[in-house]
Structures are given as C-alpha cells and as structure tokens.
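Presented below is the structure to which this report refers.
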Amino acid sequence: MGGLEGWTPPLEETATAVRACVRCRLHLGRTLAVPGEGPPDADIVLIGEAPGRQEDRTGRPFVGAAGKVLDRSLAAAGLSRPDVYITNVVKCRPPANRPPKADEVQACRPYLLAELRAIQPKLLVTLGAHALHGLVGPRPRFADARGTLIAFEGIRLLPTYHPAAVLYNRRLDSALTKDLQKVAELVREDRARVPRSGRLNARSPGPSRGATRSGRRPR
Ligand code: URA
Ligand code: SF4
C-alpha cells in the first residue's frame with residue numbers, strides 16, 4: 001500500500017486546493033476546476049479522464065453528454081450517482097478536450113491519491129484507456145484489462161469503457177453496462193460478507209438465521 005500513504009486531508013480540503021490550483025498549465029485555460037464529487041464513504045470510485053466543456057462551466061464531473069450515458073449505465077446496473085464517488089485523473093479541462101499529458105497527470109496526481117486515501121473505496125473503476133493509464137501507467141494494455149479485475153495499491157480495479165466512447169459506438173453500451181453490473185455485484189458480495197456496523201440490526205426483530213433462541217442477535 002506504500003503508494004497510498006501520505007497527505008490525507010478531508011475531501012472538502014482537497015476540493016478547495018483543487019479549485020485554487022496552479023500546479024500545471026491546464027489552470028490557464030480552465031473556467032472552473034472540477035474536484036471529485038460523491039459520498040465521502042463511497043464503496044465505489046469512478047475515475048474519468050478530464051473535465052469536458054460542461055464540467056468546466058459547472059465545476060462538476062460528468063454533467064455533460066458523457067454524464068448522461070454514465071447515469072443510464074449506472075441505472076441499468078442498479079446503481080445511481082449517490083452510490084459512487086466520481087472524479088477524474090486531471091481536474092481541469094485540457095484545450096479542445098485533448099487527452100491530458102503525462103506531466104499534467106503527474107502534477108494532478110496528489111489530489112487523486114488524496115481522494116482515494118480519504119474515501120478508502122472497495123472498488124475502483126477507470127473509464128476509458130486514458131483514465132486507466134493515467135492511474136496505473138502503461139501496463140496493462142486497455143484491450144487486455146477492460147472488464148477484468150486488476151488492482152491498484154491493494155484496491156480492486158475494474159477498467160471499463162469511457163461513456164463518451166459509447167456515444168460514438170453504440171455497441172459498447174452493453175459492455176459498459178455489463179462491466180458496471182459486475183462492479184455492483186462485487187460490492188454486494190462484499191457487503192454480505194462484511195456487514196457495515198449496524199446493518200444486522202437494521203431490520204425489525206423477527207425470526208431470522210441470525211437470531212439466537214432468546215431472540216437476540218449475535219454481535
Ligand atoms: N469526461 C471525463 O472523462 N470526465 C468528465 O468529468 C466528463 C467527461
Ligand atoms: Fe492543478 Fe490538476 Fe488543474 Fe493541473 S489539472 S492546474 S494539477 S488541479
């Protein structure tokens with residue numbers, strides 16, 4: 001886990017630092033920087049490439065056309081925005097939506113790592129090849145890793161397509177949804193194995209496999 005040790009301010013502090021950041025040239029062309037967004041204890045973190053036009057205008061991730069596709073795919077997988085934290089490899093929009101350059105990814109990395117350390121998600125999902133390589137480096141190749149489980153700093157990572165790719169190639173739609181269904185399934189399995197504290201007591205008392213003869217549940 002070595003790479004994930006270090007600076008871990010609360011998410012809101014990271015967001016504030018991102019909004020004022022001038023660490024790389026991308027700050028020159030931005031309207032608003034786009035910190036990640038979502039529950040601070042999310043099980044799933046989705047990582048995109050970089051903000052686009054709508055994101056640059058609003059300061060929020062995945063609110064444009066790609067965001068609409070993402071919302072539909074999440075819904076088809078039984079997930080919704082409040083279930084996931086969404087962020088990007090770089091937090092400012094590159095000129096004409098070009099892919100972020102290596103030095104920009106490097107400059108922005110402390111923010112992404114700080115987000116991951118604060119959230120400690122169960123699962124990471126990179127959206128598209130640039131997000132995968134921005135996070136893990138050149139290996140594995142996107143075509144080999146897409147839809148499979150790999151790991152980043154001890155956290156399971158499932159690389160999938162970028163929702164914008166679905167806009168250009170409708171046939172990728174079902175693959176993106178299938179990958180997100182797999183993610184949802186993995187997190188469900190995880191929760192069944194290690195219930196969050198209080199979950200066992202969440203339902204009203206009654207006969208259940210967890211109940212003892214006295215009606216009390218084992219701690
Ligand atoms: N594409 C991305 O990669 N990220 C966004 O936030 C929006 C579009
Ligand atoms: Fe800072 Fe990241 Fe924006 Fe570059 S892309 S200016 S490192 S927040």
Side-chain angles (χ1 to χ4, degrees), residues 6-7 9-38 42 44-74 79-119 124-136 142 146 157-169 172-173 175-176 179-180 183:
W7 186 53
L11 282 173
E12 202 34 62
E13 225 170 276
T14 300
T16 301
V18 163
R19 290 187 186 106
C21 179
V22 294
R23 281 174 55 92
C24 84
R25 67 181 77 76
L26 293 182
H27 85 277
L28 294 168
R30 78 179 173 219
T31 311
L32 293 173
V34 182
E37 191 177 289
I44 303 166
V45 171
L46 305 185
I47 304 172
E49 172 182 331
R53 182 193 297 273
Q54 282 303 114
E55 292 76 21
D56 176 70
R57 286 180 177 170
T58 58
R60 301 183 54 208
F62 283 99
V63 292
K68 298 279 184 303
V69 174
L70 181 60
D71 285 345
R72 269 198 284 114
S73 302
L74 284 171
L79 295 166
S80 65
R81 285 284 181 116
D83 294 323
V84 298
Y85 185 92
I86 305 187
T87 191
N88 283 295
V89 166
V90 298
K91 316 301 194 204
C92 300
R93 183 192 183 205
N97 294 343
R98 65 153 169 78
K101 298 180 193 281
D103 63 330
E104 296 158 357
V105 170
Q106 203 52 38
C108 214
R109 194 171 183 78
Y111 301 124
L112 179 59
L113 296 183
E115 290 176 305
L116 297 183
R117 278 192 296 263
I119 297 166
L124 302 173
V125 178
T126 48
L127 303 170
H130 294 296
L132 171 66
H133 299 312
L135 184 68
V136 307
F142 179 75
R146 189 240 116 213
L157 162 62
L158 193 145
T160 190
Y161 294 106
H162 195 289
V166 172
L167 291 171
Y168 298 107
N169 183 354
L172 301 183
D173 202 357
L176 173 61
D179 289 349
L180 291 177
V183 166

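For clarity, every value in this text was computed on a predicted model and none was experimentally measured. We count ligands from 1, going down the list as the structure has it; atoms in each ligand are counted the same way. When reading the values below, keep in mind they use all heavy atoms of this one structure, side chains included, and skip hydrogens, waters and symmetry mates.
- Distances between N or O atoms of Glu55 and those of ligand 1 include no value under 3.5 Å.
- The nearest heavy-atom contact from the protein to atom 8 (C) of ligand 1 is Phe62 CE2, 3.7 Å.
- For atom 6 (O) of ligand 1, the nearest non-hydrogen atom of the protein is Asn88 ND2, 2.9 Å.
- Other residues, nucleotides and ligands contribute at most 12 non-hydrogen atoms within 6.0 Å of the CZ atom of Arg60.
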Distance-only check: which donor-acceptor pairs under 3.5 Å involve side-chain atoms of residues 9-20, not counting sequence neighbours?
unit_1	atom_1	unit_2	atom_2	d
Thr16	OG1	Glu12	O	2.9

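- Taking Phe62 as the reference, His162 meet the ring pair (Phe, Tyr, Trp, His ring centres under 6.0 Å) condition, with sequence neighbours excluded.
- With waters left out, the protein N, O or S atoms under 2.8 Å from atom 4 (Fe) of ligand 2 add up to 1.
- Between the side chains of Tyr85 and Glu37, no donor-acceptor pair is found at a separation under 3.5 Å.
- The shortest N or O to N or O distance between Ala50 and ligand 1 is below 3.5 Å.
- Every atom of ligand 1 with a heavy atom of His162 under 4.0 Å away is listed here by number and element: 1 (N), 2 (C), 3 (O).
- For Asp83, there are no salt bridge (Lys or Arg N to Asp or Glu O under 4.0 Å) partners two or more places apart in sequence or in a different chain.
- Between Glu104 and Arg25 there is a salt bridge, with a side-chain nitrogen of the basic residue lying less than 4.0 Å from a carboxylate oxygen of the acidic one.
- Atoms of ligand 1 found under 4.0 Å from any heavy atom of Gly48, numbered from 1 in the order shown, are 3 (O).
- Checked by atom type and distance alone, the side chain of Glu55 pairs as donor or acceptor with a backbone atom of Gly64 at under 3.5 Å.
- Salt-bridge formation is detected for the pair Lys91/Glu115: a Lys NZ or Arg NE/NH1/NH2 atom is positioned less than 4.0 Å from an Asp or Glu carboxylate oxygen.
- Arg93 contributes no side-chain N or O that, together with a main-chain N or O of Gly29, makes up a donor-acceptor pair within less than 3.5 Å.
- No N or O atom of Pro51 sits closer than 3.5 Å to an N or O atom of ligand 1.
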